Amino acid sequence: MLQAIVFDFDGTILETETPDYQSWQEIFTEHGCDLAMDLWCTYIGTASGTFDPYGLLAEQAGVTIDRAAIRTRRRRRFHELVAQQPLRPGVKDLLDAATSRQIALAIASSSTRDWVEEILATRHLRHYFQAVYTANDVTAVKPDPTLYLLAVQALGVQPAQALAIEDSLNGLLAAKRAGLKCVVAPHGMTQHMVFAEADVLLPSLAETTLDALLAL
């Protein structure tokens with residue numbers, strides 16, 4: 001019987017992946033360069049430091065870049081774009097339904113704690129989650145399974161009693177390696193990925209119900 005749901009954060013609860021890519025693509029365009037989407041998507045769902053866009057930009061532009069100045073501008077633009085994003089369809093309904101049925105909830109995110117906690121607070125979502133695990137809590141992020149293992153342990157359930165909700169291939173791999181069932185609801189940046197191991201593949205969480213997930 002399903003007793004817990006562990007949500008990914010970026011791209012799953014809030015579609016931050018497109019703003020992240022767009023804010024970088026705008027910087028690249030200003031320098032007469034291009035940030036290939038397929039390259040960017042390879043790193044979705046894993047640690048932010050895995051890919052060095054500053055180094056790629058400097059290489060493509062053939063000039064020395066001011067990393068600090070670019071970082072400031074890029075982050076400001078990213079936050080502007082994220083602020084315009086609504087919660088992904090179906091997320092709030094599922095959180096409310098799970099809470100009313102006393103299904104334990106947690107977050108397992110490869111992003112940093114300050115980022116996840118900031119958005120949860122500003123979107124008034126923090127109270128839903130009994131546990132939040134981020135890149136600050138582990139030495140290896142997704143596709144490593146540790147984040148999910150920590151989350152289910154904190155909720156007091158076995159992996160087989162928990163369901164992961166993801167948007168990326170790295171996230172799916174992490175969940176399955178931890179022994180959880182996994183529902184994947186991709187978005188525009190990840191819809192081309194092959195989610196062969198997903199237990200359920202949905203266009204959005206609005207296409208399912210808690211009862212349907214409990215049936216898994």
Side-chain angles (χ1 to χ4, degrees), residues 2-17 19-20 43-50 75 78-79 82-83 85-187 190 204-205 210 213-214:
L2 180 67
Q3 297 183 20
I5 301 176
V6 184
F7 283 78
D8 170 52
F9 182 71
D10 287 286
T12 297
I13 291 177
L14 189 66
E15 213 290 73
T16 59
E17 306 292 1
D20 203 13
Y43 298 97
I44 289 179
T46 191
S48 58
T50 308
R75 289 295 296 177
F78 171 61
H79 281 274
V82 169
Q85 292 289 325
L87 296 181
R88 288 203 65 197
V91 168
K92 185 66 164 52
D93 289 342
L94 184 55
L95 291 174
D96 286 333
T99 299
S100 69
R101 300 274 285 274
Q102 297 184 315
I103 302 296
L105 299 172
I107 283 178
S109 171
S110 292
S111 294
T112 59
R113 177 167 295 279
D114 58 348
W115 168 248
V116 174
E117 294 283 7
E118 174 189 348
I119 299 300
L120 289 177
T122 57
R123 298 299 179 111
H124 308 290
L125 299 174
R126 184 61 181 87
H127 65 282
Y128 286 106
F129 301 99
Q130 289 80 64
V132 174
Y133 285 93
T134 70
N136 297 81
D137 301 305
V138 296
T139 56
V141 295
K142 304 170 188 177
D144 185 276
T146 305
L147 282 165
Y148 276 109
L149 292 172
L150 288 173
V152 295
Q153 182 180 30
L155 296 178
V157 301
Q158 295 299 312
Q161 298 172 309
L163 176 71
I165 299 184
E166 278 285 353
D167 71 300
S168 72
L169 181 58
N170 283 321
L172 168 63
L173 293 175
K176 299 304 289 186
R177 290 169 183 173
L180 285 73
K181 288 189 178 347
C182 188
V183 170
V184 179
H187 47 78
T190 60
S204 83
L205 294 178
L210 180 62
L213 297 182
L214 289 173

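It should be emphasised that the depicted structure is a prediction, and the values quoted were computed from it without experimental measurement.
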Check residues 178-186 and write down every donor-acceptor pair under 3.5 Å in which the side-chain atom is one partner and the other belongs to a residue at least two apart or another chain.
none

Supply the atom-to-atom distance [X] [atom1] to [Y] [atom2], rounded to the nearest 0.5 angstrom.
X: Leu87; Y: Gln85; atom1: CG; atom2: CD; value: 10.0 Å
X: Leu173; Y: Tyr148; atom1: CG; atom2: OH; value: 11.0 Å
X: Thr146; Y: Leu150; atom1: OG1; atom2: CG; value: 6.5 Å

Note, [X] side chain near [Y] side chain (heavy atom, < 4.5 Å):
X: Leu155; Y: Gln161; result: no
X: Asp10; Y: Ser109; result: yes
X: Thr99; Y: Tyr128; result: yes
X: Asp167; Y: Phe9; result: no

Worksheet, complete the sentence: Result for salt bridge (Lys or Arg N to Asp or Glu O under 4.0 Å) between Glu166 and one of Lys176, Arg88, Lys142 points to Lys142
Discussion item. Between Ile119 and Ile13, does the side-chain contact (heavy atoms from CB on, under 4.5 Å) criterion hold? Intermediate values first, please.
Written reply: CA-CA 10 Å; Ile119 299 300; Ile13 291 177; over 6 Å; no
Discussion item. When you measure from the side chain of Asp96 to the backbone of Asp93, do you find a donor-acceptor pair of N or O atoms at a distance under 3.5 Å?
Written reply: no
Worksheet item: What's the verdict on side chain to side chain donor-acceptor pair (under 3.5 Å) for Ser168 and Asn170, showing C-alpha distance, side-chain angles and the deciding distance?
Response: CA-CA 6 Å; Ser168 72; Asn170 283 321; 5.5 Å; no
Practice prompt. Evaluate side-chain contact (heavy atoms from CB on, under 4.5 Å) for Gln130 paired with Leu105, printing each intermediate quantity in order.
Written response: CA-CA 6 Å; Gln130 289 80 64; Leu105 299 172; 4.2 Å; yes
Item to complete: Could you check whether the rings of Trp115 and His79 sit parallel, tilted or perpendicular, using 30° and 60° as the cut-offs?
Response: perpendicular
